[in-house]
Structure formats: structure tokens, C-alpha cells
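Within every chain, numbering begins at 1; the chains are lettered A, B, ... in the order of the sequence lines, protein sequences first and strands thereafter.
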There are 2 protein chains.
Amino acid sequence: MLGTPSRNRIAERREGVRREILDAAWSQAREVGLANITLRDIAREVGMQPPSLYSHFDSKNAIYNAMYAEAWLAYESCSAAELDPLPEHPRVAIQRIARVFFDFAVADLARHQLMNQRTIPGFEPTADAYAPAVRVLEHGAALVRSLGITDPADFDIWVSLIGGLIDQQLANDPGGDRFSRLLERAIDMWADAAGVPKHSPAATRAARKN
Amino acid sequence: MLGTPSRNRIAERREGVRREILDAAWSQAREVGLANITLRDIAREVGMQPPSLYSHFDSKNAIYNAMYAEAWLAYESCSAAELDPLPEHPRVAIQRIARVFFDFAVADLARHQLMNQRTIPGFEPTADAYAPAVRVLEHGAALVRSLGITDPADFDIWVSLIGGLIDQQLANDPGGDRFSRLLERAIDMWADAAGVPKHSPAATRAARKN
DNA sequence: GTCTATACTGTGATAGAC
DNA sequence: GTCTATCACAGTATAGAC
């Protein structure tokens, strides 16, 4: 058995190559745009011949697919870190969730295009890759419900509002904060309409006693 | 001079060919997706050889450019028709503008992608083609100002809200009305926050007398 | 001026030797 | 698993017939 790498070692190495390919794909995407990456450039950055990529991914779209899953998993752990503990005050909580999502999206145009827009012509994520995305959305919906928002229409409007501001920010003021500045105000507007309490839970409890 | 077509005839014919090419491009875009049209398919639909397209357009992006201008011009005349006369009641007016834009966008995915998203990799409209778009936006801003909304931030939020609902409708419920149904409610929410009068101008005038 | 014929470059993808 | 060789197809360019 000496000199024969174990199954684990082989799997590790293989996983390492996949990582290198994906890292190269991300760096290319940020450099030339998500839609403009080429297998040749990725291969060159990794240090192999273009067809060799096919030993690790079935197609270019399979690379996009892995990147898609990766992006949503990254957001999932980012939000887990940033939104725990969730502020007790519903207004503050809803603002915070919106802000975390907004900033994550705006921080990386290529990633946002992949996660939230259908900007790659033939690409659609597989069910596996899509799973984290629906998990995040469902988690957000549950959080909003826990704040007393029962009408699903309110959740849909909340999502649309945040997404709309993100798109405008990236399209019409990239690198700036023209729309980012408006997020709190817009969410507050929504919270007023949806009936999110303006005061803290403690104040709500105190008021209820009267 | 007999048998020699006049300058006008030639220009007309030339313009006719341009129209045929653009029509073919639109029909292809709706069939296979905006980003997936090819010069070969366009040429075949028009009945000429692919390189002949270059007698009429400098490049594929020049075709996109003409389509872009055309789409915004189409919206400009659509909105002129649908929004004249603009309802006197500010709430009704703001709802109507939003609805006209929403329906125009949702009616044609390819057109919306071209007008409002940066979905074509290398394409950016020229200043000429962009002009109708800024005209429409400025016209919308002026309309909103005329309704008493003086803070530009309110206009930005209004635009983001409509755009966000359009994107969600097209991405998550194409052909349906899940988000279309929410437009009135969302705009009303915005109008409340922006201070658009709830009652008619006549009622406002009457109230002011007290 | 316009169209045809042909070719060039770059793309994703495949086959088979090692 | 990686390589070399090659394919099919895209957008693009140009030379030359009409």
C-alpha cells in the first residue's frame, strides 16, 4: 500500500482542483464580466489545457451552476453571521435583514447577476444548486412572518422593493450610494404600510396592559 | 431620367430593408431570447446572406442599438397615448403612470431586457439611442414633481419600486399576475409616505378654504 | 451601392493517445 | 486525468461580381 495515495487523498486533490477552477472563474468574472468568461482563460489561470476542464465540469454551464450554489451558500452563512442575534425590535430587525441582503448584493456585481438575474443566456441552475436560494427565501419569509406580517403580499412587496433598489444602485450609480442611502427610508415606508410596530416590543407590551 | 429611381425611392427602399432586418431581429429575439439571436438567422429570415447585413448595420451591436432606440420610442408614444389626458387626481395619475410602464415592460420580455437590463454582454446604447430613454425618465420625473413630490429621493424610490415589481413578475411568475396584482397596493403605500393627497384636487381646494 | 463567396478568429465541446 | 487534435458554429472582414 506504500506509495498508493488513499481514496481520501485523491478526493481531496480532486476537490482542490475544483476549487482552483472555481476561484479562477470568479476572478475572471469580476475582471471581464460574468457573461464574458471563457474556458480558455479559466484554464490558463489554473494552468491547464482548456479541454482538461471537462474532467472536472461537464460544461461551462456546470461551472456557472457551481458558482451559483456557492454564491447562495455564501449568503446563507453571511446572513447567519450578521443576523444572529436578530434585533428584538421588529423595525430594526426588518431594516437589518434588508441591509445585509442589499450590501451583499451590491458588493459584487458578477455574483449578484448570477444569483438574482438571468443574465447568462442558456443557464438555469439545477435543483441542487437552487436549493440554498429557496432556503434563504423561505427563511426570510419566516422571519417576516415572525414579525407579525401575515399577508404574503407584503413579503412580495418587501422583496421587490429591496431588489428594485439593488438593481437601480448597480445599474445607475455603480460604486456610489444614491440608492443605498434610500434603503432605510424605503423599508420604513413599507413597514408603516405593513403595520410593523414603530415602538419596541417592551413598549408594545406596556401599551397592551392599558 | 426615365427608369432611374429618384433619391427618395432609393432611400425609401433602404429604409424598408432596415425595417425588415429589425423586424426579423425582434421576431428572433422573442423566439430564442434576446441574447441568442444570430446574424445568420436574421439574414435567413430576411432572405439574404449574413454578410449583407453589414451593408445596413455596422455590427450586431448596431442592430441592438437600433432596437434599443426603437423600444424606447415605442414606449414614448405608448405613454403619450395612454397618459393623455393625465387624470387630475394625483393618486390616480401616479397609479396610471406606474401601470402603463409596468404593463409595457411585462408585455415583452425581450424588449424589457433590452430597455431596462444590461443583459447583452458587450452592448451599450449610443448617446443617440439613449436619448429617448432619458427623455422618458425626465418626463416621468417632471410629472411626479407636478404632483407635488419635490424630493428626488421619492422619485428614485418610486422608480425602484416599479422596477422591482416588474423584475419579480418576469423572473418568478412569467405570464401570471402575482406581482402585477400588487402594483396598486405598492404604489399606494409609496403615495402615502410621499404625501400624495388622498382626495381629489377639488376636495383639496375645498379643504383649503377652511 | 448592394449582394455573394469565402475566409479569419475565437468560442464551447468532443475523440482518442498516453 | 491530462494532453493533442479537431469540430461546429459564432461574429466579423474583405474581395469581387452585378
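In this structure, the side chains of A:Ile42 and A:Ile37 come closer than 4.5 Å at one or more pairs of heavy atoms. Side-chain contact between A:Ile63 and A:Leu39 is present, with at least one heavy-atom pair separated by less than 4.5 Å.
Rounding to whole angstrom units, CG of residue A:Asp58 and P of C:dT14 are separated by 9 Å. When rounded to the nearest whole Å, the span between CZ of A:Phe57 and C1' of C:dG12 equals 16 Å. Taking atom CD1 of B:Ile120 as the reference point, atom P of D:dG11 lies 11 Å away to the nearest angstrom. The distance from atom CG of A:Leu39 to atom P of D:dT2 is 15 Å, rounded to the nearest whole Å. Atoms NZ (A:Lys60) and P (C:dG10) sit 15 Å apart, rounded to a whole Å. With rounding to whole Å, B:Met48 atom CE is found 22 Å from D:dA17 atom P. Across the protein-nucleic acid pair, B:Leu53 atom CG and D:dT12 atom P stand 11 Å apart, rounded to whole Å. A:Asn36 has its CG atom 15 Å from the P atom of D:dG11, to the nearest Å.
Using a cut-off of 4.0 Å between Lys/Arg side-chain N and Asp/Glu carboxylate O, B:Asp154 and A:Arg185 are scored as salt-bridged.
At a threshold of 4.0 angstrom between heavy atoms, the contacts of A:Thr38 are confined to the sugar-phosphate backbone, with no base atom among them. Contact annotation for A:Ile37: backbone-only contact, meaning every heavy-atom pair under 4.0 Å involves sugar-phosphate atoms and none involves a base.
A donor and an acceptor atom sit less than 3.5 Å apart, one in the side chain of A:Arg40 and one in the base of C:dG12. In the interface, the side chain of B:Arg14 is not paired with the base of C:dG1 through any donor and acceptor atom under 3.5 Å apart.
A parallel orientation is assigned to the rings of B:Tyr130 and B:Tyr68, their planes being inclined by less than 30° (bins at 30° and 60°).
Between D:dC3 and A:Ser52, a contact under 4.0 Å exists linking OP1 or OP2 to a side-chain N or O. Between B:His56 and the phosphate of C:dG1, there is no side-chain N or O to OP1/OP2 separation shorter than 4.0 Å.
Take the nearest nucleotide of DNA chain D for A:Gln49 and for B:Tyr54: the residue whose nucleotide is more 5' is A:Gln49. In this structure, A:Asp41 and A:Pro51 both approach DNA chain C, and ranking their closest nucleotides by distance from the 5' end singles out A:Asp41.
Closest of all the heavy-atom pairs between B:Ile21 and B:Phe57 is CG2-CE1, 3.6 Å.
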